[in-house]
2 protein chains.
Amino acid sequence: MTTPLNATAASLLGFLHERPMTGWELVETADARIGAFWSLTRSQVYRELAATARRGLIQAGETGPRHRRPYSLTDAGRAAFQRWAETMPAPEQIRYPLLLAISFGSYIPEETLAGFVAAHRREHHERLAAYERALPDVRAHGGPQAVAVLDFGIRYERAVLGWFETLPWELARQSL
Amino acid sequence: MTTPLNATAASLLGFLHERPMTGWELVETADARIGAFWSLTRSQVYRELAATARRGLIQAGETGPRHRRPYSLTDAGRAAFQRWAETMPAPEQIRYPLLLAISFGSYIPEETLAGFVAAHRREHHERLAAYERALPDVRAHGGPQAVAVLDFGIRYERAVLGWFETLPWELARQSL
DNA sequence: TGGTACATGTAACATGTTACATGATTAG
DNA sequence: CTAATCATGTAACATGTTACATGTACCA
(Lines give C-alpha, C1' and ligand atoms only; values in the text may rest on other atoms or scores of the structure.)
Protein backbone atom coordinates (compact mmCIF):
# COMPACT_ATOMS: atom_id res chain seq x y z
CA MET A 1 0.00 0.00 0.00
CA THR A 2 1.45 3.35 -1.00
CA THR A 3 1.54 5.96 1.73
CA PRO A 4 -1.11 8.61 1.24
CA LEU A 5 -0.19 12.08 0.06
CA ASN A 6 0.27 14.83 2.56
CA ALA A 7 -1.70 17.99 1.93
CA THR A 8 1.37 19.91 0.79
CA ALA A 9 2.25 17.39 -1.89
CA ALA A 10 -1.41 17.21 -2.84
CA SER A 11 -1.50 20.95 -3.38
CA LEU A 12 1.44 20.74 -5.77
CA LEU A 13 -0.24 17.94 -7.69
CA GLY A 14 -3.40 20.02 -7.66
CA PHE A 15 -1.71 22.87 -9.46
CA LEU A 16 -0.03 20.52 -11.88
CA HIS A 17 -3.47 19.48 -13.11
CA GLU A 18 -3.56 22.83 -14.92
CA ARG A 19 -0.24 22.58 -16.69
CA PRO A 20 3.37 21.54 -16.09
CA MET A 21 5.14 23.99 -13.81
CA THR A 22 8.57 24.54 -12.36
CA GLY A 23 9.29 24.68 -8.65
CA TRP A 24 9.56 28.43 -8.89
CA GLU A 25 6.17 28.75 -10.56
CA LEU A 26 4.61 26.44 -8.00
CA VAL A 27 5.90 28.59 -5.16
CA GLU A 28 4.47 31.72 -6.80
CA THR A 29 1.18 30.08 -7.65
CA ALA A 30 0.72 28.53 -4.25
CA ASP A 31 1.56 31.77 -2.54
CA ALA A 32 -0.97 33.70 -4.60
CA ARG A 33 -3.77 31.16 -4.58
CA ILE A 34 -3.58 29.25 -1.32
CA GLY A 35 -0.96 31.17 0.64
CA ALA A 36 -3.53 32.69 2.97
CA PHE A 37 -4.41 29.31 4.45
CA TRP A 38 -1.71 26.94 3.28
CA SER A 39 1.75 28.41 3.18
CA LEU A 40 4.78 26.65 1.83
CA THR A 41 8.38 27.65 1.50
CA ARG A 42 10.71 27.29 -1.44
CA SER A 43 12.75 24.66 0.35
CA GLN A 44 9.70 22.62 1.01
CA VAL A 45 8.54 22.77 -2.58
CA TYR A 46 11.85 21.64 -4.03
CA ARG A 47 12.14 18.87 -1.47
CA GLU A 48 8.57 17.71 -2.01
CA LEU A 49 9.02 17.88 -5.76
CA ALA A 50 12.07 15.64 -5.59
CA ALA A 51 10.30 13.18 -3.29
CA THR A 52 7.15 13.17 -5.36
CA ALA A 53 9.11 12.58 -8.54
CA ARG A 54 10.94 9.68 -6.86
CA ARG A 55 7.55 8.15 -6.17
CA GLY A 56 6.65 8.51 -9.82
CA LEU A 57 3.76 10.89 -9.24
CA ILE A 58 5.28 13.65 -11.33
CA GLN A 59 8.02 13.73 -13.88
CA ALA A 60 10.56 16.36 -14.77
CA GLY A 61 10.65 17.63 -18.34
CA GLU A 62 13.70 18.96 -20.12
CA THR A 63 15.67 21.66 -18.42
CA GLY A 64 15.02 24.94 -20.21
CA PRO A 65 16.69 28.34 -20.04
CA ARG A 66 17.81 29.45 -16.58
CA HIS A 67 17.69 25.84 -15.45
CA ARG A 68 13.91 25.85 -15.60
CA ARG A 69 12.77 22.33 -14.87
CA PRO A 70 9.06 21.88 -15.45
CA TYR A 71 7.30 18.99 -13.75
CA SER A 72 4.21 17.35 -15.12
CA LEU A 73 1.64 15.08 -13.55
CA THR A 74 1.78 11.36 -14.30
CA ASP A 75 -1.21 9.03 -14.28
CA ALA A 76 -0.02 7.68 -10.95
CA GLY A 77 0.09 11.25 -9.68
CA ARG A 78 -3.43 11.92 -10.83
CA ALA A 79 -4.57 8.74 -9.08
CA ALA A 80 -2.73 9.65 -5.87
CA PHE A 81 -4.35 13.06 -5.92
CA GLN A 82 -7.75 11.44 -6.30
CA ARG A 83 -7.09 9.25 -3.27
CA TRP A 84 -6.13 12.35 -1.30
CA ALA A 85 -9.29 14.03 -2.50
CA GLU A 86 -11.41 11.26 -1.02
CA THR A 87 -10.14 11.62 2.51
CA MET A 88 -11.82 13.96 4.95
CA PRO A 89 -9.74 17.11 5.36
CA ALA A 90 -8.35 17.53 8.88
CA PRO A 91 -9.70 20.35 11.03
CA GLU A 92 -8.01 23.69 10.54
CA GLN A 93 -5.10 24.69 12.67
CA ILE A 94 -4.69 28.21 13.87
CA ARG A 95 -1.57 29.49 15.58
CA TYR A 96 -2.00 33.02 16.74
CA PRO A 97 0.84 34.28 18.93
CA LEU A 98 -0.98 37.56 19.57
CA LEU A 99 -3.68 35.63 21.39
CA LEU A 100 -0.96 34.00 23.43
CA ALA A 101 0.33 37.43 24.40
CA ILE A 102 -3.18 38.53 25.32
CA SER A 103 -3.77 35.35 27.30
CA PHE A 104 -0.73 36.14 29.40
CA GLY A 105 -1.58 39.82 29.31
CA SER A 106 -1.58 40.21 33.03
CA TYR A 107 2.20 39.73 33.02
CA ILE A 108 2.79 42.15 30.15
CA PRO A 109 2.77 45.95 30.32
CA GLU A 110 -0.41 47.47 29.01
CA GLU A 111 1.28 49.76 26.48
CA THR A 112 3.29 46.88 25.08
CA LEU A 113 0.18 44.86 24.51
CA ALA A 114 -1.63 47.87 23.07
CA GLY A 115 1.20 48.31 20.59
CA PHE A 116 0.96 44.69 19.49
CA VAL A 117 -2.77 44.96 19.05
CA ALA A 118 -2.46 48.16 17.05
CA ALA A 119 0.13 46.68 14.70
CA HIS A 120 -1.88 43.54 14.12
CA ARG A 121 -5.03 45.49 13.57
CA ARG A 122 -3.32 47.55 10.87
CA GLU A 123 -2.06 44.40 9.25
CA HIS A 124 -5.51 42.82 9.16
CA HIS A 125 -6.96 46.02 7.83
CA GLU A 126 -4.53 45.90 4.94
CA ARG A 127 -5.20 42.27 4.27
CA LEU A 128 -8.92 42.88 4.11
CA ALA A 129 -8.39 45.78 1.72
CA ALA A 130 -6.17 43.63 -0.50
CA TYR A 131 -8.73 40.84 -0.58
CA GLU A 132 -11.50 43.26 -1.44
CA ARG A 133 -9.41 44.77 -4.23
CA ALA A 134 -8.82 41.29 -5.61
CA LEU A 135 -12.47 40.28 -5.50
CA PRO A 136 -13.73 41.74 -8.82
CA ASP A 137 -10.93 40.11 -10.75
CA VAL A 138 -11.42 36.74 -9.07
CA ARG A 139 -15.14 36.93 -9.69
CA ALA A 140 -14.51 37.74 -13.34
CA HIS A 141 -11.73 35.26 -14.07
CA GLY A 142 -11.67 32.69 -11.28
CA GLY A 143 -13.95 29.74 -10.70
CA PRO A 144 -16.56 29.57 -7.95
CA GLN A 145 -13.98 27.77 -5.82
CA ALA A 146 -11.59 30.70 -5.95
CA VAL A 147 -14.43 33.07 -5.11
CA ALA A 148 -15.51 30.92 -2.16
CA VAL A 149 -11.99 30.76 -0.80
CA LEU A 150 -11.45 34.50 -1.17
CA ASP A 151 -14.79 35.08 0.50
CA PHE A 152 -13.57 33.01 3.42
CA GLY A 153 -10.60 35.30 3.73
CA ILE A 154 -12.76 38.40 3.64
CA ARG A 155 -15.13 37.09 6.27
CA TYR A 156 -12.26 35.99 8.45
CA GLU A 157 -10.57 39.39 8.26
CA ARG A 158 -13.83 41.17 8.98
CA ALA A 159 -14.41 38.99 12.01
CA VAL A 160 -10.93 39.67 13.33
CA LEU A 161 -11.30 43.41 12.78
CA GLY A 162 -14.68 43.34 14.48
CA TRP A 163 -13.06 41.61 17.42
CA PHE A 164 -10.32 44.25 17.59
CA GLU A 165 -13.02 46.91 17.86
CA THR A 166 -14.49 45.34 20.95
CA LEU A 167 -11.25 44.82 22.84
CA PRO A 168 -11.45 46.71 26.09
CA TRP A 169 -9.63 50.01 25.61
CA GLU A 170 -7.05 49.03 28.16
CA LEU A 171 -6.01 46.34 25.70
CA ALA A 172 -6.12 48.51 22.63
CA ARG A 173 -5.69 52.18 23.11
CA GLN A 174 -3.98 53.21 19.92
CA SER A 175 -6.09 53.82 16.87
CA LEU A 176 -5.60 52.93 13.25
CA MET B 1 23.34 36.49 24.15
CA THR B 2 20.81 33.83 25.10
CA THR B 3 18.55 32.64 22.33
CA PRO B 4 15.05 34.02 22.68
CA LEU B 5 12.17 31.83 23.80
CA ASN B 6 9.92 30.27 21.24
CA ALA B 7 6.22 30.83 21.73
CA THR B 8 5.62 27.28 22.93
CA ALA B 9 8.19 27.52 25.70
CA ALA B 10 6.87 30.98 26.53
CA SER B 11 3.38 29.59 26.96
CA LEU B 12 4.65 27.03 29.45
CA LEU B 13 6.49 29.71 31.39
CA GLY B 14 3.34 31.80 31.21
CA PHE B 15 1.32 29.15 33.00
CA LEU B 16 4.05 28.59 35.53
CA HIS B 17 3.60 32.18 36.66
CA GLU B 18 0.44 30.99 38.38
CA ARG B 19 1.90 28.08 40.27
CA PRO B 20 4.29 25.14 39.82
CA MET B 21 2.83 22.52 37.53
CA THR B 22 3.73 19.10 36.18
CA GLY B 23 4.00 18.32 32.48
CA TRP B 24 0.66 16.61 32.64
CA GLU B 25 -1.02 19.62 34.19
CA LEU B 26 0.58 21.92 31.65
CA VAL B 27 -0.80 19.83 28.81
CA GLU B 28 -4.27 19.94 30.32
CA THR B 29 -4.11 23.62 31.11
CA ALA B 30 -2.73 24.58 27.72
CA ASP B 31 -5.32 22.50 25.96
CA ALA B 32 -8.14 24.11 27.88
CA ARG B 33 -6.93 27.66 27.84
CA ILE B 34 -4.98 28.19 24.63
CA GLY B 35 -5.65 24.98 22.71
CA ALA B 36 -7.95 26.71 20.26
CA PHE B 37 -5.14 28.83 18.83
CA TRP B 38 -1.95 27.27 20.17
CA SER B 39 -1.94 23.52 20.34
CA LEU B 40 0.80 21.45 21.83
CA THR B 41 1.30 17.76 22.26
CA ARG B 42 2.42 15.82 25.29
CA SER B 43 5.72 14.95 23.65
CA GLN B 44 6.42 18.56 22.92
CA VAL B 45 5.68 19.63 26.47
CA TYR B 46 7.99 17.07 28.07
CA ARG B 47 10.74 17.85 25.59
CA GLU B 48 10.36 21.60 26.01
CA LEU B 49 10.25 21.20 29.78
CA ALA B 50 13.52 19.27 29.78
CA ALA B 51 15.17 21.81 27.48
CA THR B 52 13.86 24.76 29.44
CA ALA B 53 15.06 23.26 32.70
CA ARG B 54 18.50 22.68 31.16
CA ARG B 55 18.59 26.39 30.38
CA GLY B 56 17.78 27.14 33.99
CA LEU B 57 14.48 28.86 33.26
CA ILE B 58 12.46 26.41 35.32
CA GLN B 59 13.38 23.91 37.94
CA ALA B 60 11.93 20.55 38.86
CA GLY B 61 10.69 20.05 42.37
CA GLU B 62 10.58 16.77 44.23
CA THR B 63 8.94 13.83 42.53
CA GLY B 64 5.62 13.18 44.20
CA PRO B 65 3.13 10.31 44.03
CA ARG B 66 2.66 8.81 40.54
CA HIS B 67 5.98 10.29 39.53
CA ARG B 68 4.50 13.77 39.54
CA ARG B 69 7.31 16.18 38.88
CA PRO B 70 6.26 19.77 39.36
CA TYR B 71 8.27 22.50 37.67
CA SER B 72 8.51 26.01 38.96
CA LEU B 73 9.65 29.23 37.38
CA THR B 74 13.08 30.58 38.24
CA ASP B 75 14.05 34.23 38.17
CA ALA B 76 15.88 33.61 34.92
CA GLY B 77 12.69 32.08 33.56
CA ARG B 78 10.65 35.08 34.57
CA ALA B 79 13.18 37.35 32.86
CA ALA B 80 13.19 35.23 29.70
CA PHE B 81 9.41 35.38 29.62
CA GLN B 82 9.55 39.15 29.91
CA ARG B 83 11.93 39.35 26.97
CA TRP B 84 9.54 37.21 24.95
CA ALA B 85 6.70 39.46 26.00
CA GLU B 86 8.47 42.47 24.52
CA THR B 87 8.79 41.08 21.02
CA MET B 88 6.05 41.66 18.47
CA PRO B 89 4.00 38.48 18.04
CA ALA B 90 4.29 36.97 14.57
CA PRO B 91 1.23 37.05 12.31
CA GLU B 92 -1.18 34.19 12.78
CA GLN B 93 -0.86 31.07 10.73
CA ILE B 94 -3.87 29.25 9.45
CA ARG B 95 -3.76 25.85 7.85
CA TYR B 96 -7.13 24.81 6.58
CA PRO B 97 -7.08 21.66 4.47
CA LEU B 98 -10.79 22.00 3.69
CA LEU B 99 -10.00 25.20 1.80
CA LEU B 100 -7.37 23.29 -0.10
CA ALA B 101 -9.98 20.74 -1.10
CA ILE B 102 -12.33 23.50 -2.17
CA SER B 103 -9.57 25.24 -4.09
CA PHE B 104 -9.04 22.09 -6.09
CA GLY B 105 -12.75 21.41 -6.11
CA SER B 106 -12.99 21.17 -9.86
CA TYR B 107 -11.07 17.89 -9.67
CA ILE B 108 -13.16 16.47 -6.82
CA PRO B 109 -16.67 14.98 -7.08
CA GLU B 110 -19.37 17.33 -5.92
CA GLU B 111 -20.87 14.92 -3.37
CA THR B 112 -17.48 14.26 -1.86
CA LEU B 113 -16.87 17.94 -1.36
CA ALA B 114 -20.40 18.45 -0.06
CA GLY B 115 -19.75 15.72 2.50
CA PHE B 116 -16.57 17.41 3.66
CA VAL B 117 -18.31 20.73 3.98
CA ALA B 118 -21.19 19.24 5.93
CA ALA B 119 -18.89 17.49 8.39
CA HIS B 120 -16.81 20.59 8.97
CA ARG B 121 -19.87 22.75 9.35
CA ARG B 122 -21.18 20.43 12.06
CA GLU B 123 -17.85 20.56 13.80
CA HIS B 124 -17.77 24.35 13.80
CA HIS B 125 -21.33 24.45 15.01
CA GLU B 126 -20.37 22.33 17.98
CA ARG B 127 -17.34 24.42 18.71
CA LEU B 128 -19.37 27.59 18.71
CA ALA B 129 -21.91 26.02 21.05
CA ALA B 130 -19.15 24.89 23.40
CA TYR B 131 -17.59 28.36 23.45
CA GLU B 132 -20.95 29.97 24.15
CA ARG B 133 -21.62 27.53 26.95
CA ALA B 134 -18.24 28.39 28.45
CA LEU B 135 -18.75 32.14 28.23
CA PRO B 136 -20.71 32.81 31.45
CA ASP B 137 -18.19 30.95 33.53
CA VAL B 138 -15.23 32.68 31.92
CA ARG B 139 -16.88 36.05 32.37
CA ALA B 140 -17.51 35.24 36.02
CA HIS B 141 -14.18 33.69 36.94
CA GLY B 142 -11.69 34.59 34.21
CA GLY B 143 -9.86 37.83 33.60
CA PRO B 144 -10.62 40.24 30.74
CA GLN B 145 -7.86 38.50 28.77
CA ALA B 146 -9.61 35.15 28.93
CA VAL B 147 -12.88 36.77 27.92
CA ALA B 148 -11.22 38.54 24.97
CA VAL B 149 -9.64 35.33 23.77
CA LEU B 150 -12.87 33.37 24.08
CA ASP B 151 -14.68 36.14 22.26
CA PHE B 152 -12.18 35.79 19.44
CA GLY B 153 -13.10 32.13 19.18
CA ILE B 154 -16.79 32.89 19.13
CA ARG B 155 -16.44 35.51 16.44
CA TYR B 156 -14.22 33.25 14.39
CA GLU B 157 -16.67 30.37 14.57
CA ARG B 158 -19.57 32.62 13.68
CA ALA B 159 -17.67 33.94 10.67
CA VAL B 160 -16.87 30.44 9.48
CA LEU B 161 -20.45 29.32 9.96
CA GLY B 162 -21.68 32.38 8.08
CA TRP B 163 -19.35 31.50 5.25
CA PHE B 164 -20.64 27.92 5.11
CA GLU B 165 -24.15 29.31 4.66
CA THR B 166 -23.20 31.12 1.50
CA LEU B 167 -21.37 28.25 -0.19
CA PRO B 168 -23.07 27.45 -3.51
CA TRP B 169 -24.35 23.90 -3.90
CA GLU B 170 -22.69 23.67 -7.25
CA LEU B 171 -19.43 24.29 -5.53
CA ALA B 172 -17.40 21.85 -7.54
CA ARG B 173 -17.15 20.68 -11.05
CA GLN B 174 -17.35 23.89 -12.91
CA SER B 175 -14.19 24.31 -14.91
CA LEU B 176 -11.93 21.54 -16.20
C1' DT C 1 28.19 46.55 -17.04
C1' DG C 2 25.66 46.25 -13.20
C1' DG C 3 21.48 45.42 -10.77
C1' DT C 4 17.24 42.83 -10.50
C1' DA C 5 14.38 39.10 -11.09
C1' DC C 6 14.57 34.40 -12.27
C1' DA C 7 15.80 29.76 -10.91
C1' DT C 8 17.46 25.60 -8.36
C1' DG C 9 19.05 23.40 -4.82
C1' DT C 10 21.36 21.79 0.00
C1' DA C 11 22.31 21.86 5.01
C1' DA C 12 21.26 22.61 9.50
C1' DC C 13 18.05 23.28 12.53
C1' DA C 14 13.44 23.82 14.89
C1' DT C 15 9.04 22.24 15.58
C1' DG C 16 5.30 19.05 15.56
C1' DT C 17 3.26 14.15 15.27
C1' DT C 18 2.73 9.23 16.21
C1' DA C 19 3.87 5.18 18.19
C1' DC C 20 5.90 2.87 21.73
C1' DA C 21 7.19 1.65 26.57
C1' DT C 22 6.42 1.78 31.43
C1' DG C 23 4.41 2.19 35.70
C1' DA C 24 1.34 4.18 39.88
C1' DT C 25 -3.03 5.24 42.05
C1' DT C 26 -7.74 5.35 42.55
C1' DA C 27 -12.60 4.25 42.15
C1' DG C 28 -15.84 0.86 41.76
C1' DC D 1 -9.01 -7.18 41.52
C1' DT D 2 -9.37 -4.67 37.59
C1' DA D 3 -10.31 -0.92 34.57
C1' DA D 4 -9.74 3.88 34.03
C1' DT D 5 -7.11 7.69 34.76
C1' DC D 6 -2.98 9.73 35.97
C1' DA D 7 1.80 10.34 34.82
C1' DT D 8 6.40 10.46 32.48
C1' DG D 9 9.19 9.77 29.05
C1' DT D 10 11.79 8.18 24.37
C1' DA D 11 12.27 7.15 19.41
C1' DA D 12 11.34 7.72 14.88
C1' DC D 13 9.58 10.34 11.72
C1' DA D 14 7.35 14.31 9.20
C1' DT D 15 7.09 18.93 8.37
C1' DG D 16 8.52 23.66 8.33
C1' DT D 17 12.20 27.48 8.64
C1' DT D 18 16.53 29.89 7.79
C1' DA D 19 20.78 30.40 5.95
C1' DC D 20 23.82 29.32 2.53
C1' DA D 21 25.63 28.38 -2.23
C1' DT D 22 25.33 28.88 -7.10
C1' DG D 23 24.34 30.53 -11.41
C1' DT D 24 21.34 32.71 -15.62
C1' DA D 25 18.92 36.01 -18.38
C1' DC D 26 17.08 40.44 -18.99
C1' DC D 27 16.94 45.30 -19.20
C1' DA D 28 18.37 49.90 -18.39
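Letters A, B, ... are given to chains in the order of the sequence lines, protein chains preceding strands, and every chain is numbered from 1. Everything numeric here is computed off the predicted structure, so don't read it as measured data. Worth knowing before you read on, the calculation uses all heavy atoms, side chains too, and leaves out hydrogens, waters and symmetry mates.
- Taking atom CH2 on B:W24 and atom P on D:dC6, their separation rounds to 6 Å, with Å as the unit.
- In this structure, A:L26 places its CG atom 13 Å from C1' of C:dA7, rounding to the nearest Å.
- Remark on DNA chain D: of its neighbouring residues A:A7 and B:G23, the 5'-side contact belongs to B:G23, judged by nearest-heavy-atom nucleotide.
- Between B:Q44 and the phosphate of C:dG16, there is a side-chain N or O to OP1/OP2 separation shorter than 4.0 Å.
- Remark: the B:R47 side chain and the D:dT10 base include no donor-acceptor N/O pair separated by less than 3.5 Å.
- Electrostatic pairing of A:E25 and A:R19 counts as a salt bridge here, judged by a charged N lying under 4.0 Å from a carboxylate O.
- One can place NE2 of A:H67 at 14 Å from P of D:dT22, the figure rounded to the nearest angstrom.
- Ion pairing between B:R33 and B:E18 holds under the 4.0 Å rule for side-chain N and carboxylate O.
- Residue contacts shown for B:T8 are limited to sugar-phosphate atoms, with no base heavy atom under 4.0 Å away.
- When atom types are taken as modelled, the side chain of A:T74 and the backbone of A:G56 share a donor-acceptor pair closer than 3.5 angstrom.
- Rounded to an integer number of Å, the gap from B:E25 CD to D:dG9 C1' is 17 Å.
- Between A:R95 atom CZ and D:dG16 atom P there is a gap of 12 Å when expressed in whole angstrom units.
- Atom CZ in B:R42 sits roughly 13 Å away from atom P in D:dA7 (whole-Å rounding).
- Taking a cutoff of 4.0 Å between a charged side-chain nitrogen and a carboxylate oxygen, B:R158 and B:E132 qualify as a salt bridge.
- B:R69 comes within contact range of the sugar-phosphate backbone alone, with a heavy-atom separation under 4.0 Å but no base atom that close.
- Within the nucleic acid shown, A:R66 comes within 4.0 Å of at least one base atom, counting heavy atoms only.
- Atom CE of B:M21 and atom C1' of D:dT8 are 17 Å apart (whole Å).
- Nearest to the side-chain atoms of A:S43 among the listed nucleotides D:dT8, D:dA19, C:dT8 stands D:dA19.
- Under 4.0 angstrom from either OP1 or OP2 of D:dT15 there lies at least one side-chain N or O belonging to A:N6.
- Among the protein residues, B:Q93 comes within range of the sugar-phosphate backbone only, with heavy atoms under 4.0 Å from sugar or phosphate atoms but none that close to a base.
- Distances from the side chain of B:Y71 to the nucleotides C:dG9, D:dT15, D:dG9 place D:dG9 closest.
- Between A:Y46 and C:dT8, a side-chain N or O to OP1/OP2 separation shorter than 4.0 Å is present.
- Looking at B:Y156, B:W38, B:F152 one by one, the single match for ring-ring contact (aromatic ring centres under 6.0 Å, His included) with A:Y96 turns out to be B:F152.
- Nearest nucleotide to the side chain of B:R68, out of C:dA24, D:dA7, C:dA7: D:dA7.
- Rounded to whole Å, atom P of C:dT8 lies 13 Å from atom CG of A:L12.
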